[in-house]
Amino acid sequence: MIKPFLFLLPPEKAHYFTLFLLKIILAIPLIGTLYKKRYTIKDDRLKRKVFGLDFENPVGLAAGFDKDGKSFKAMSSLGFGFIEVGTVTPKGQIGNPQPRLFRLPKDQSLINRMGFNNEGVDALVNRLKGGWPDHLIVGGNIGKNKLTPNETAEEDYVICFEALFPYVDYFVVNVSSPNTPGLRDLQDKEPLTKLLNRLQVLNKQKTNSKPILLKIAPDLTNEQLDDIIEIVETTKIEGVIATNTTISRAGLKTNPNTIKSIGNGGLSGRAVRQRSTEVIRYLNERSKGQLTIIGVGGISSPEDAIEKLNAGASLVQIYSGLIFEGPALIKEINKAILTKIPQPSVAQVSNS
Ligand SMILES: Cc1cc2nc3c(=O)[nH]c(=O)nc-3n(C[C@H](O)[C@H](O)[C@H](O)COP(=O)(O)O)c2cc1C
């Protein structure tokens with residue numbers, strides 16, 4: 001109902017205003033409870049056991065929406081089965097100058113060059129220490145500071161990994177954002193293997209090691225995707241999140257001059273849907289179904305989510321779809337999963 005008003009605000013302001021409103025609504029006892037009921041769907045057939053974790057349902061909030069862990073409790077009231085906080089870096093940083101988030105309504109897409117704006121890992125840890133709702137799985141998406149050169153980037157990932165370890169259920173190594181100069185070079189075979197091995201050594205030293213996933217760009221070639229499968233196998237991480245935003249501008253309906261005036265950034269939403277699904281399908285087929293994949297990119301309807309699950313994803317995440325379609329999307333996806341996907345038993349979908 002409030003979307004027309006929100007779309008009058010600049011996108012970044014609309015984001016913070018929406019979260020502010022959501023927190024107010026949830027704080028009103030009766031309204032808050034009714035609101036949660038309206039958006040949440042509970043059904044044992046939606047439960048999934050993936051990389052050893054028990055998910056209430058397979059629909060999650062993608063990274064970047066709640067970088068600092070300020071709103072994951074409120075967002076969990078919208079019916080998500082899991083929420084990924086971050087990307088967080090060791091030190092806080094302000095990110096790129098504004099404006100840095102743009103709507104492309106004709107394409108139901110966004111372009112962002114936020115640049116890992118976040119308050120730093122310690123601030124996130126302090127918020128997570130406050131606990132989170134029962135049954136909610138929380139992932140920690142970690143990255144490097146802009147000023148850290150790639151040669152020493154490993155240290156940044158290690159700092160975030162160690163600081164967050166007691167407070168998240170799984171980790172995501174983000175080397176695929178297009179908005180931190182040079183970051184995507186870390187997706188190359190050698191530095192990536194080294195980075196993941198280093199994190200795995202630390203992980204295996206813990207009594208309760210945690211799943212580590214890798215988030216990849218949709219702009220990788222098939223050869224690079226083959227490398228990713230090999231790297232996941234050799235480093236024995238739990239899986240892949242496919243995909244982040246794209247630097248491609250192909251096939252957009254928005255006026256090319258508008259696109260040009262926006263400039264650099266990652267494209268998300270409907271425009272990335274097809275490529276993201278292709279990446280999931282390719283990874284699933286080439287790995288003969290052995291790779292655990294979280295599918296994300298352009299899900300704006302239940303059909304889009306089902307397409308990704310059928311392509312080989314075990315779970316899905318959304319971000320841009322939430323902006324264009326609103327929070328009812330989460331429940332609609334879960335309802336459709338119940339009716340359209342043959343229901344495996346929890347044990348059958350377990351990957352580890
Ligand atoms: C404004 C914005 C900020 C984002 N920030 C991050 C981030 O910090 N870390 C990350 O891994 N992905 C980030 N993403 C990418 C999303 O998590 C997701 O992979 C991508 O947007 C594709 O999904 P969607 O089409 O549902 O938005 C961001 C996306 C947007 C739109």
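Atoms within a ligand are numbered from 1 in the order they appear, just like the ligands themselves.
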Glu278 with Arg275: basic N within carboxylate O range, under 4.0 Å: yes
Provide the number and element of each atom of ligand 1 under 4.0 Å from a heavy atom of Val296. 18 (C), 19 (O), 22 (C), 23 (O)
Find all atoms of ligand 1 within a distance of less than 4.0 Å from any non-hydrogen atom belonging to Asn141, and give their numbers and elements. 10 (C), 11 (O)
Out of all atoms in ligand 1, which are within 4.0 Å of some heavy atom of Gly298? Include the element for each. 24 (P), 25 (O), 26 (O)
Heteroatom distance test (Ile299, ligand 1): nitrogen or oxygen, under 3.5 angstrom: no
Which residue and heavy atom of the protein sit nearest atom 7 (C) of ligand 1, plus the separation: Thr87 OG1, 3.4 Å
Row check, Tyr157 ring normal vs Arg198 NZ/CZ: under 6.0 Å, within 45°: no
Could a heavy atom of Ser177 be found less than 4.0 Å from some atom of ligand 1? no
Atom 14 (N) of ligand 1: the protein heavy-atom neighbour that sits closest, reported with distance to 0.1 Å: Ala63 O, 3.4 Å
Per-atom contacts of ligand 1 with Asn174, taking only distances under 4.0 Å to non-hydrogen atoms: 9 (N), 10 (C), 11 (O)
Tell me the protein heavy atom at minimum distance from atom 22 (C) of ligand 1, and give that distance in Å. Gly297 CA, 3.7 Å
Thr277 and Lys308: side chain donor to acceptor below 3.5 Å: yes
At a 4.0 Å threshold, what atoms of ligand 1 neighbour a non-hydrogen atom of Ser268? 21 (O), 25 (O), 27 (O), 31 (C)
Winner among Phe102, Phe116, Phe65, Tyr319 once heavy atoms are compared against atom 29 (C) of ligand 1: Tyr319
Identity and distance of the protein heavy atom lying nearest atom 20 (C) of ligand 1: Thr245 CG2, 3.9 Å
At a 4.0 Å threshold, what atoms of ligand 1 neighbour a non-hydrogen atom of Thr243? 19 (O), 22 (C)
Donor-acceptor contact present, side-chain Asn264 to main-chain Arg113, <3.5 Å: no
Which pair of non-hydrogen atoms, one from Gly120 and one from Asn118, has the smallest distance, and what is that distance? N-OD1, 2.9 Å
Any donor-acceptor N or O pair under 3.5 Å, side chains Asn197, Thr235: no
Do you see a donor-acceptor pair shorter than 3.5 Å between the side chains of Asp227 and Gln224? no
Which is closest to atom 15 (C) of ligand 1 by heavy-atom distance: Val316, Asp66, Asn244? Asn244
May I ask you to identify the nearest protein heavy atom to atom 27 (O) of ligand 1, giving residue, atom name and distance to one decimal place in Å? Ser320 OG, 2.6 Å
Identify the residue among Val175, Asp156, Thr89 that makes a side chain to side chain contact (heavy atoms under 4.5 Å, CB included) with Lys144. Asp156
Quick one: look up the protein heavy atom nearest atom 12 (N) of ligand 1 and list residue, atom name and how far away it is. Lys215 NZ, 3.1 Å
Can Lys146 be said to sit on top of Phe116's aromatic six-ring, NZ or CZ under 6.0 Å from centre and within 45° of the ring axis? no
Taking 4.0 Å as the limit for heavy-atom contacts, which would you say applies to Lys67 with ligand 1: side chain only, backbone only, both, or neither? side chain
Check Leu101 against ligand 1 and report side chain, backbone, both or neither, counting heavy atoms closer than 4.0 Å. side chain
Determine, using ring centers only, whether Tyr39 and Phe80 are less than 6.0 Å apart. no
With ring centroids as reference points, do Phe165 and Phe161 lie under 6.0 angstrom apart? yes
Pairing of Lys206 and Glu162 as salt bridge, 4.0 angstrom limit: yes
Specify the protein heavy atom at minimum distance from atom 4 (C) of ligand 1: its residue, its atom name, and the distance to 0.1 Å. Gly64 CA, 3.7 Å
